[in-house]
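Before any comments, here is the structure.
Lettering follows sequence order; numbering is per chain, from 1.
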Amino acid sequence: MALLEVKDLKVRVEEREILHGLTLTVNEGEIHAIMGPNGSGKSTLSHVIAGKPGYEVTDGQILFRGEDLLEMSPDMRAAKGVFLAFQYPVEIPGVATMNFLRTALNAQRKARGEDEYSTPDFLKKVREVSKSLNIPQDMLKRGVNVGFSGGEKKRNEVLQMALFEPSLCILDEMDSGLDIDALRIAADGVNALHSPKRAMVVITHYQRLLNYIVPDVVHVMSKGRVVKSGGKELALELEASGYAQFEDAA
Amino acid sequence: MNVAVAKTGKGRAVSDLFTSAEGRLPGSSAVTAVRREAFETYERLGLPHRRIEEWKYTDLRALVGEVLTLAAAPDAAALKRAADAVKAHAIDGARKLVLVDGVFAADLSDVKALASEAGFKTLRETLDKDAGLLKTASTDAVIALNAAMATDGVVLSIADGAKLSAPIQIIHIATASSASAFTRSQVTIGNDARATIVESFVAAGSKAYQVNDAVIVSVGNNADVAHIRLMDDAPDAVNVSSHFVTIGANVKFNFFNMTTGAAVSRLQGFITLAGEGSELSANGVNLLQKTEHGDTTLVVDHAVPNCVSREIFRAVIDDRAHSVFQGRIIVRPDAQKTDGKMMTRALLLSDEAEADNKPELEIFADDVSCGHGATAGALDDSLLFYLKARGLPEKQAQALLIQAFVGEAIEQIADDGLREHVIGIAEHWLERRS
Ligand SMILES: Nc1ncnc2c1ncn2[C@@H]1O[C@H](COP(=O)(O)OP(=O)(O)OP(=O)(O)O)[C@@H](O)[C@H]1O
Ligand SMILES: [Mg+2]
């Protein structure tokens with residue numbers, strides 16, 4: 001059974017159809033890249049998978065391990081193993097990062113019927129993960145993403161991904177705003193999570209990221225559909241010739 | 001038994017409410033005369049209503065209607081229930097002074113432990129000699145009623161230079177249902193003294209009761225004072241409390257009010273900065289649900305130059321509850337270099353929740369820096385979604401954001417232990433909600 005199956009998905013936002021019948025299948029262990037011009041609907045797809053309100057699914061299906069994802073609340077999806085690293089992570093003043101991480105991790109574990117982490121175990125885990133991602137401890141004492149630089153916010157997303165150990169990671173432009181070193185560290189973090197049981201969907205505009213996180217499949221999205229899928233060489237092709245060739249196909 | 005209050009005040013002598021209580025009201029005949037006069041004032045005015053500007057948003061005639069008869073003095077069973085409530089609500093290490101249904105309960109109080117650090121009498125004792133404590137400059141009807149009806153209270157004096165080693169906690173416990181309690185207390189804090197006063201209002205199995213409390217605080221020069229009020233009366237109770245605070249020079253005064261209980265409540269604080277160089281931090285949180293009505297009204301009077309006042313108020317309003325914040329900053333003509341700021345924010349958790357914010361600046365000096373801000377709104381959907389996408393169920397995501405919201409006021413509490421205690425109260429309220 002596929003990990004994620006998006007079938008002929010049609011989505012409207014404020015009366016306007018954004019996704020016009022999108023189909024995508026992701027199996028365990030695979031890395032998929034989604035590329036496509038601005039406004040083609042990449043973030044919309046990721047939001048609908050994560051369960052963000054404000055999107056109306058008018059047709060189609062999203063199955064996660066065969067279960068209807070659209071029937072689940074966002075927190076339930078998270079507990080089942082869906083993780084979206086946001087293109088624009090929000091700042092949450094007054095909610096200390098550490099408190100948030102522990103509350104979220106334990107909420108997921110509770111929803112799965114697992115024991116909550118003890119404080120020492122939790123702290124140990126956070127320390128390990130943040131160290132590997134080069135995130136200083138004092139950043140974790142601040143409010144969630146408050147005063148973080150753009151790159152720090154992205155690294156905080158990868159930190160959470162590493163901590164929650166989801167089975168489907170969707171990374172929406174993880175590379176935007178990262179400097180070259182930060183990009184390598186974040187990509188290493190993502191690669192460290194890669195396993196035969198876990199799949200990644202990497203949304204990006206730049207072939208460069210795909211040098212670090214090497215995709216099995218590259219999809220091109222245009223105007224709310226997947227218009228072409230291929231191997232990693234497709235990304236290079238796009239880099240050379242742009243999206244114009246696909247505009248007509250859409 | 002309920003006693004109707006004269007709504008017009010016309011053609012009525014002193015009502016049953018007063019005559020039936022008179023035998024139980026302590027004081028010499030001079031005191032009785034003061035009480036009668038106060039009651040006549042109350043009768044003339046009646047309960048405050050919306051056409052009285054200060055009470056515009058808290059129409060006690062509509063919300064409360066009538067004042068209940070005085071609670072009977074607590075019997076042994078009542079005191080037993082009160083003892084359990086004291087255990088549940090005592091702050092760790094605090095010296096407790098307990099008033100049960102408006103009567104001081106010596107057996108539940110730490111009078112001995114307190115004696116080495118502060119002077120203590122009951123209101124009842126002071127009224128044997130002197131009616132002074134029943135007199136305030138206020139013309140407010142509920143305060144007049146309090147003067148007429150006050151059965152007891154605590155009268156504390158903290159000597160010059162005294163540094164209290166533990167907070168003093170005044171605990172008001174209601175054990176009698178459908179009855180009223182009237183209390184009046186005084187706290188006098190000397191020069192260079194340091195003190196923490198906590199007031200708690202709780203129920204012990206009682207329902208639909210009414211509390212009318214008044215506290216008169218005066219603070220000497222260079223003192224450092226924390227005053228925390230925790231009002232968690234029964235969900236169908238009424239609590240109307242009035243504070244009169246006069247602050248000397250170079251004082252640090254840290255006030256916080258937490259409202260988590262009562263069907264109808266109003267805290268009105270009248271705080272006068274009467275000595276230069278003082279800093280007032282007056283903050284509060286209302287946590288309201290169902291049809292609760294909670295009103296926090298603070299009048300900060302900068303009577304002298306060079307004082308700082310800061311007010312941060314937060315209201316969290318669920319269901320059909322109604323929160324009122326009225327904050328007035330008065331800057332007298334002489335009070336140059338006044339720095340007064342006030343910020344109030346309301347968080348509406350339901351479409352039917354209501355918030356009234358009324359900030360007012362009355363500035364009569366020209367060289368001042370004063371400002372206020374008020375906002376009301378719902379939880380931010382994008383923040384809620386972020387938390388939910390990370391696995392927090394709706395109520396838990398809301399709770400985290402609400403804690404952050406009220407945290408902005410709670411973090412103003414200077415004392416670490418009390419701040420944690422208040423955070424705990426907010427958490428408990430949020431757990432009850434989910
Ligand atoms: N809440 C919204 N209201 C109105 N239109 C929206 C909303 N969200 C998305 N859209 C529109 O949907 C289209 C797809 O947006 P989306 O953010 O999914 O694109 P994207 O492929 O992620 O683009 P980018 O590469 O710039 O991140 C755009 O035209 C956008 O304006
Ligand atoms: Mg996008």
Side-chain angles (χ1 to χ4, degrees), chain A residues 46-55 72-112 114 116 142-146 153 156-157 159-161 163-166 170 172, chain B residues 283-285 287 312-316 343-347 349 351 373 375 377-413 416 419-420 422-431 433-434:
Chain A
S46 70
H47 288 155
V48 173
I49 294 173
K52 187 171 178 169
Y55 297 90
M72 296 178 208
S73 60
D75 51 299
M76 184 56 85
R77 300 180 199 199
K80 293 265 182 192
V82 176
F83 182 92
L84 167 61
F86 287 93
Q87 182 174 0
Y88 302 109
V90 293
E91 298 192 9
I92 315 183
V95 177
T97 304
M98 272 300 210
N99 182 29
F100 157 68
L101 293 175
R102 182 168 46 220
T103 311
L105 181 61
N106 282 334
Q108 290 192 20
R109 293 181 68 88
K110 194 174 160 204
R112 290 193 294 261
E114 298 166 6
E116 298 192 352
R142 288 193 245 158
V144 176
N145 293 326
V146 176
K153 284 179 186 164
N156 193 24
E157 296 289 284
L159 167 82
Q160 292 173 55
M161 201 168 94
L163 202 59
F164 301 152
E165 301 177 320
I170 303 167
D172 193 356
Chain B
N283 313 289
V285 168
L287 299 177
I312 296 179
F313 182 78
R314 297 284 179 269
V316 179
M343 182 69 209
T344 168
R345 291 175 64 194
L347 180 58
L349 296 179
D351 291 343
T375 66
L379 283 170
D380 184 326
D381 282 335
S382 64
L383 305 192
L384 268 178
F385 175 64
Y386 187 87
L387 296 174
K388 288 193 274 187
R390 297 297 143 91
L392 272 73
E394 174 81 29
K395 281 277 156 105
Q396 219 181 337
Q398 289 187 5
L400 216 53
L401 295 179
I402 295 168
Q403 271 168 30
F405 177 79
V406 298
E408 295 166 15
I410 295 174
E411 71 190 18
Q412 305 304 318
I413 299 174
D416 293 345
R419 191 171 56 245
E420 287 304 314
V422 172
I423 290 170
I425 292 172
E427 280 172 0
H428 181 69
W429 186 86
L430 288 166
E431 278 161 24
R433 184 180 170 258
S434 53

Query raised in the report: So B:Leu387 and A:Ile92, side chain to side chain contact (heavy atoms under 4.5 Å, CB included) or not? Walk me through it.
Result: CA-CA 9 Å; B:Leu387 296 174; A:Ile92 315 183; 3.7 Å; yes
Query raised in the report: What pair of heavy atoms forms the shortest contact from A:Gln108 to B:Arg390, and how long is it?
Result: NE2-O, 3.0 Å
Requested in this report: Hey, could you give me the CD/OG1 distance between B:Gln403 and A:Thr103, rounded to the nearest 0.5 Å?
Outcome: 8.0 Å
**Report entry** Pairwise distance CD(A:Glu91) to OH(B:Tyr386) - rounded to 0.5 angstrom
**Finding:** 10.5 Å
Requested in this report: Could you look at A:Pro89 and say if it's the side chain, the backbone, both or neither that has a heavy atom under 4.5 Å from chain B?
Outcome: both
Requested in this report: Output the residues of residues 72-79 of chain A for which the shortest heavy-atom distance to chain B is under 4.5 Å, in residue-number order; output 'none' if no such residue exists.
Outcome: A:Pro74, A:Asp75, A:Ala78
Query raised in the report: Mind checking what makes side chain to side chain donor-acceptor pair (under 3.5 Å) contact with B:Asp381, not counting sequence neighbours?
Result: none
Query - Sequence-distant partners of B:Phe385, ring-ring contact (aromatic ring centres under 6.0 Å, His included), two or more places apart - result: A:Phe86
Query raised in the report: Which heavy atom in A:Val95 sits nearest to a heavy atom in B:Ala404, and how many Å separate them?
Result: CG2-CB, 3.7 Å
Query - Which atoms of A:Asn106 approach chain B - backbone, side chain, both or neither, heavy atom under 4.5 Å - result: neither
Report task. Flag the pair A:Val144 / B:Leu383 as yes when at least one side-chain heavy-atom distance between them is below 4.5 Å, and no otherwise. Result -> no
Query raised in the report: Given that the side chain runs from C-beta out, which part of A:Ala111 has a heavy atom under 4.5 Å from chain B: side chain, backbone, both or neither?
Result: neither
Report summary line: Residues at least two apart in sequence or cross-chain that pass ring-ring contact (aromatic ring centres under 6.0 Å, His included) with A:Tyr55, listed by chain then number, are A:His47
